Colleague: 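Before we start, here is the structure in question, set down as structure tokens.
All figures in this text were calculated on a predicted structure; none of them were measured in a lab.
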Amino acid sequence: MPLSKRPTLTQYLIDQRRRFPGASGDLNALILDVSIACKAIARAVAFGELGADSAASGGAINVQGEVQQRLDVVSNEMFVRQAEWSGHLAGMASEEMELPYQIPGEYPRGKYLLVFDPLDGSSNLDVDVTVGSIFSILRAPDEVVGSGRDVVEADFLQPGARQVAAGYALYGPSTMLVLSVGNGVVGFTLDPNLGEFKLTHPELRVPEDAQEFAINSSNSRFWEPPVKRYVDECLAGRTGPRGKDFNMRWIASMVAEAHRILMRGGVFLYPRDTRDPGKVGRLRLLYEANPIAFVMEQAGARASTGRQPVLGVPPSALHQRIGLVFGSKHEVERIERYHQDGATRDAPNPLFVERGLFRE
């Protein structure tokens, strides 16, 4: 098969590096390590139950209190083994590991930190729904780099605005890698013939307006009034205050939701709710919210807690959870206004209003 004129991921990263003549190339090499881990995970996901004779097993409870799937364990191991040896990292942190991962003593240490969700949406694997990996790259504190000491939790607690690069891989009908190095967002598709990621989406931008929203309606009884107001107005459709019809989506795989929004617009809501007063949200700030927010903001969209921009939230813990709203700029801004207004709604949610043929 002849080579296409589409640049590979390696070529793209070299071109980006040329913008910074003093760059060492360490960031490029680290991103390529991440891409190799993603290729390996894509293959493991594609085998599905045919790979169930792997030595790795699931069923354990991770630090999040969630049951690990077999591929959660496999994917986490692939990230760690591919990234630990190269000398670009001072340490790693993963959704699947309680504590920061220390680079083994036999390997050199570098100036970056890697945080990742190795397999987002893994609870959907048994029904063959698209899943993915999410990653974020931060600079290690100067003191860590200078001393060479082991990393601690506090080293990772950096606001999302400090991310050097972030992105996700998507394992679906095709395998894609979506990446931002702070200069917009680009998408690569894995060419199975060459085993290379090829640039297929050079300038991804999220439309500012949308007619789709994604939220888990089963949680509606726990939503705060601003969220109820927004959803009610969308569901009211053309005859309601928004004056247009909306489609509602819910895949239960955030990376798949993010990709749909990146490709055609929309808004995703997994907001804080009243289900558990001790938790301000359900999604992990460092592994999920910050990298997705970075990608969205670089693509002209917006990411928010409803109350403030996600990228400005100062992390307080490695596995901190947060409410998250992201997507088309004007929709997220509207949701933020509703939070600022302190709006209340006494009307029932139209999804769950009592209905009947003989209703009076």
Side-chain angles (χ1 to χ4, degrees), residues 41-42 44-46 48-49 58-59 61-62 64-73 75-76 95-96 116-135 168-176 178 210 212-223 227-228 230-231 234-235 246-273 275-276 279-285 287-293 295-296 301 303 305-306 310 319 321-328 331-332 335 349 351-352:
I41 295 168
V45 169
E49 284 301 306
I61 304 297
N62 66 12
Q64 313 293 336
E66 301 165 343
V67 177
Q68 287 180 316
Q69 304 290 324
R70 178 185 63 84
L71 282 174
D72 285 324
V73 179
S75 300
N76 192 76
E95 180 186 331
E96 302 298 332
F116 55 91
D117 179 351
L119 197 59
D120 178 75
S122 59
S123 62
N124 282 321
L125 285 169
D126 58 345
V127 291
D128 218 18
V129 169
T130 295
V131 296
S133 301
I134 307 172
F135 62 91
Y168 61 83
L170 199 72
Y171 314 125
S174 61
T175 295
M176 286 195 65
V178 173
E212 290 186 345
F213 68 101
I215 194 167
N216 184 353
S217 296
S218 68
N219 294 327
S220 63
R221 64 194 184 278
F222 303 115
W223 292 342
V227 175
K228 290 182 179 179
Y230 178 79
V231 173
C234 291
L235 292 173
F246 283 79
N247 289 324
M248 184 168 66
R249 311 291 186 187
W250 185 251
I251 304 174
S253 173
M254 189 185 71
V255 70
E257 304 274 12
H259 192 68
R260 186 190 65 248
I261 289 170
L262 191 61
M263 300 302 286
R264 70 185 193 198
V267 64
F268 171 91
L269 303 93
Y270 209 141
R272 69 183 288 179
D273 56 38
R275 185 175 5 171
D276 184 347
K279 292 181 179 179
V280 298
R282 300 285 159 179
L283 298 175
R284 271 65 61 163
L285 174 60
Y287 314 111
E288 297 172 318
N290 273 347
I292 293 298
V295 168
M296 288 292 153
T305 67
V310 169
H319 298 288
R321 293 177 186 253
I322 197 170
L324 179 61
V325 177
F326 66 80
S328 294
E331 295 303 310
V332 177
I335 295 165
N349 188 320
L351 273 180
F352 305 104

Colleague: Counting distance only, does the side-chain N/O of R282 pair as donor-acceptor with the main-chain N or O of K279 below 3.5 Å?
Modeller: no
Colleague: Output the distance between atom OG (S220) and atom NZ (K228), rounded to the nearest 0.5 Å.
Modeller: 7.5 Å
Colleague: Checking T175 side chain against Y171 main chain: does a donor-acceptor pair fall under 3.5 Å?
Modeller: no
Colleague: With no hydrogens and no angle check, just 3.5 Å: does a side-chain donor-acceptor pair link D72 and S122?
Modeller: yes
Colleague: What is the distance from atom CZ of R260 to atom CZ of F268, rounded to the nearest 0.5 Å?
Modeller: 9.0 Å
Colleague: Are any non-hydrogen side-chain atoms of I251 and T130 less than 4.5 angstrom apart?
Modeller: no
Colleague: Side chains of F326 and I292: does their closest heavy-atom pair fall under 4.5 Å?
Modeller: yes
Colleague: Would you check if the distance from the ring center of W250 to the ring center of F213 is below 6.0 Å?
Modeller: no
Colleague: Is any side-chain heavy atom of L269 closer than 4.5 Å to one of Y230?
Modeller: yes
Colleague: Could you check if a side-chain atom of Y168 sits within less than 4.5 angstrom of a side-chain atom of D117, using non-hydrogen atoms only?
Modeller: no
Colleague: Any non-hydrogen side-chain atom of V178 less than 4.5 Å from a side-chain atom of L170?
Modeller: no
Colleague: Using modelled atom types only, decide if a donor and an acceptor are shared between the side chain of T305 and the backbone of L324 within a distance under 3.5 Å.
Modeller: no
Colleague: Do I322 and R284 have side-chain heavy atoms sitting under 4.5 Å apart?
Modeller: no
Colleague: How would you list, by chain and number, every residue that makes a side chain to side chain contact (heavy atoms under 4.5 Å, CB included) with S174, sequence neighbours excluded?
Modeller: M176, T189
Colleague: Check whether D120 reaches the backbone of S253 with its side chain - one donor and one acceptor, N or O, closer than 3.5 Å.
Modeller: no
